[in-house]
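Let me begin by presenting the structure, written as structure tokens, before commenting on it.
We number each residue from 1, following the sequence as shown. Everything numeric here is computed off the predicted structure, so don't read it as measured data.
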Amino acid sequence: MVNKVILIGRLAGDPELRVTTSGTQVANARVATNTYAGKDESGAPREHAEFHALVMFGKNAEFAGEHLRKGRLVYAEGRTQTRSWETDEGQRRYATEVIVDVLRALGPKQEESS
């Protein structure tokens, strides 16, 4: 069985860095990828954006916290993991995340237009 994910996309926000009680660094970030979705009525290509939750530990978390910012193009390789929890109202919630094993910054940060 294989559980492998490879994503290349832009960070949707700055990574959030924290340290666990045992001293392990953890970073959370969201990366946006685009998929070609045909053409619109005028013939211009359409894209569909998908957002992926990334979780990084140790050196990858440290790297993300120090070097990655919103808009940066990144390469992330890892595996999916779904976790669940119960809200205060008793509802079951689920989140699927990519646990990152390999993280690379690609190219320069995309400049935001004004």
Do you reckon [X] sits in the same ILVMFWY cluster as [Y], going by side-chain contacts under 4.5 Å, direct or chained?
X	Y	value
W85	Y94	no
V55	V102	no
F51	I8	no

Would you check if N60 and E62 make a side-chain contact, meaning some heavy-atom pair closer than 4.5 Å?
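No; the side chains remain at least 4.5 Å from each other.
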Nearest 0.5 Å please: distance from the [atom1] atom of [X] over to the [atom2] atom of [Y].
X	Y	atom1	atom2	answer
I6	K4	CD1	NZ	5.5 Å
R46	Y36	CZ	OH	8.5 Å
L17	Q25	CG	CD	5.0 Å

Distance-only, no hydrogens or angles: does the R83 side chain make a donor-acceptor pair with backbone N or O of A95 under 3.5 Å?
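Not at all, since once roles are kept as given, no pair shorter than 3.5 Å links the two residues.
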Give the C-alpha distance, both sets of side-chain angles, the deciding distance and a yes or no for side chain to side chain donor-acceptor pair (under 3.5 Å) between T82 and T96.
CA-CA 4 Å; T82 302; T96 300; 2.9 Å; yes
With ILVMFWY side chains joined below 4.5 Å, transitively, what does V98's cluster contain besides itself?
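Members other than V98 - counting any ILVMFWY side chain reachable under 4.5 Å - are V5, L7, L11, V31, L54, M56, F63, L68, V74, V100, L103.
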Steps toward side-chain contact (heavy atoms from CB on, under 4.5 Å) verdict (E77, D101):
CA-CA 6 Å; E77 185 176 316; D101 297 320; 5.7 Å; no
Going through the distances and angles, do V19 and V26 end up as a side-chain contact (heavy atoms from CB on, under 4.5 Å)?
CA-CA 6 Å; V19 179; V26 182; over 6 Å; no
Does this structure show an ion pair linking E86 with R93, if we count only N-O contacts that are shorter than 4.0 Å?
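Looking at R93 together with E86, the answer is no, because their closest N to O distance does not fall below 4.0 Å.
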Take Q81 and R79, measure what side chain to side chain donor-acceptor pair (under 3.5 Å) needs, and give me the verdict at the end.
CA-CA 7 Å; Q81 177 176 292; R79 61 184 169 81; 3.1 Å; yes
Mind running side-chain contact (heavy atoms from CB on, under 4.5 Å) on K70 and R72 for me, showing each step along the way?
CA-CA 6 Å; K70 179 181 179 179; R72 186 70 187 258; over 6 Å; no
How close do A27 and A61 get, heavy atom to heavy atom, and via which atoms?
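Looking at all heavy atoms of both residues, the closest pair is N-CB, 3.6 Å.
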Determine the minimum heavy-atom distance between R10 and G71, stating which atoms define it.
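What the structure gives for the nearest pair is NH1-O, 2.9 Å.
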For E16, I'd like to know if atom CD has over 12 heavy atoms of other residues, nucleotides or ligands within 6.0 Å.
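Not buried by this count: 12 neighbours or fewer within 6.0 Å.
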